[in-house]
Amino acid sequence: MRHFTIGSLLFTSQLGTSELLRSTCITLSLSILTSPLLLLYLSMSATKFGNKVGKLKENGFVKATQRTESTDKVDPWNVVSSSKAGVDYDKLIDRFGSSKIDEELLVWFETVIKKPVHHLLRRGIFFSHRDMNEILKRHEEGKPFYLYTGRGPSSTSLHIGHLIPFLFTKWLQETFDVPLVIQLTDDEKFFWKGLSVEKAEQLAIENIKDIIALGFDVEKTFIFSDFECTQFYRNMAKVQSCITNNQVKGIFGFDNSDCIGKYMFPGIQATPSFRTDVPCLIPCAIDQDPFFRMTRDVAPRLGYCKPALLHSQFFPALQGSQTKMSASNPNSSIFLTDSPNQIKKKVRLFNFKDKN
């Protein structure tokens with residue numbers, strides 16, 4: 001039986017030791033982030049959409065200063081902007097009702113941790129939050145919290161967009177010295193992507209290898225897949241009992257043609273947020289926020305603490321900032337397992353008029 005236990009230890013009967021640490025993945029994932037060709041791609045993407053290179057606060061993540069009146073579609077399964085400049089994150093904060101990460105919060109953050117904040121915070125890549133001030137207050141008072149993040153496995157490898165929350169989460173774990181829970185939602189991909197159960201499970205295992213390779217604290221990290229871990233079922237049932245059909249339809253836009261598995265899934269993703277009287281902090285892309293708005297509504301009814309969140313922007317697709325890199329579209333993304341030659345071809349294909 002494949003079962004994921006405490007630790008980036010999550011070793012299973014099907015994973016050999018030599019497979020677990022993908023040295024090529026580690027090397028490639030780190031080199032990708034500093035690749036001159038990739039940085040050139042990010043800069044050219046900004047130029048292409050009318051922004052001045054070198055003045056982007058996000059260092060390549062496009063944030064428009066001027067937009068025509070348009071709507072952005074942002075939910076857990078779709079990210080599409082009608083503007084070439086990409087998603088309007090300020091409007092998204094207003095729409096979702098979160099709080100902007102401002103200078104005052106960053107100063108408090110640095111005061112608490114006694115060192116500079118992570119560059120993804122300082123540059124505004126993580127730009128929005130819910131109750132981060134409460135987490136900082138708890139840490140000052142010596143009270144515990146834990147981290148929770150996850151991945152929906154729909155490809156055999158992570159892409160560089162996935163590294164944003166994971167690398168930031170690693171920094172948070174090291175900075176605050178706290179436990180971390182990582183959920184692999186293979187059941188979600190079974191419901192939404194039409195994968196077989198076996199295929200979804202296999203993709204989860206492959207993605208776990210990439211996650212382990214990032215170097216999380218082995219003693220304080222618990223990684224599990226929904227199909228393989230049943231310990232949460234009692235809490236799942238409690239959470240699901242607090243969510244009505246109308247709530248799920250209103251939040252996620254489901255209709256009567258959607259299978260009941262989709263209706264049940266939001267409660268499954270919510271469950272790792274709860275652990276008696278200890279709150280969690282969830283670093284994630286902002287498209288996941290609808291799940292946790294619902295989770296925060298449920299928490300008081302079950303006697304749990306509301307989870308806090310830190311939201312990141314999206315890593316733009318190779319084709320442009322109107323959508324994000326997606327594992328479901330290999331041509332939109334640079335994967336950790338792509339060879340240097342594959343990366344070069346992808347960047348040149350979508351960002352250079354002269355393909356040579």
What's the verdict on side-chain hydrogen bond (donor to acceptor under 3.5 Å, both in side chains) for S257 and D255, showing C-alpha distance, side-chain angles and the deciding distance? CA-CA 5 Å; S257 66; D255 59 38; 2.4 Å; yes

Any chance [atom1] of [X] has more than 12 other-residue heavy atoms, nucleotides or ligands included, within less than 6.0 Å?
X: K115; atom1: NZ; answer: yes
X: R275; atom1: CZ; answer: no
X: K249; atom1: NZ; answer: yes
X: K73; atom1: NZ; answer: no
X: E104; atom1: CD; answer: no

Using atom types as modelled and distance alone, determine if a side-chain donor or acceptor of [X] lies under 3.5 Å from a backbone N or O of [Y].
X: S332; Y: M325; answer: no
X: Q322; Y: G86; answer: no
X: D186; Y: F227; answer: yes
X: Q313; Y: G124; answer: yes

Could you pull out all residues at least two apart from [X] that satisfy side-chain contact (heavy atoms from CB on, under 4.5 Å)?
X: H129; value: S99, I101, L105, M132, N133, L310
X: S155; value: R151, A327, F335
X: R296; value: R130, D131, K306, P307, L309

Criterion ring pair (Phe, Tyr, Trp, His ring centres under 6.0 Å) against F168, the qualifying member of H118, H162, H311: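 With F168 as partner, ring pair (Phe, Tyr, Trp, His ring centres under 6.0 Å) holds for just one option, H118.
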
Nearest 0.5 angstrom please: L121 CG to S312 OG, how far?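 Separation between the atoms: 10.5 Å.
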
Should the ring pair F291 and F265 be called parallel, tilted or perpendicular, given that the plane angle runs from 0 to 90° and is split at 30 and 60?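 Plane angle over 60°, so perpendicular.
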
Using the ring of each side chain (for Trp, its six-membered ring), is F145 parallel, tilted or perpendicular to H139, with breaks at 30° and 60°?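 Perpendicular: the ring planes of F145 and H139 meet at over 60°.
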
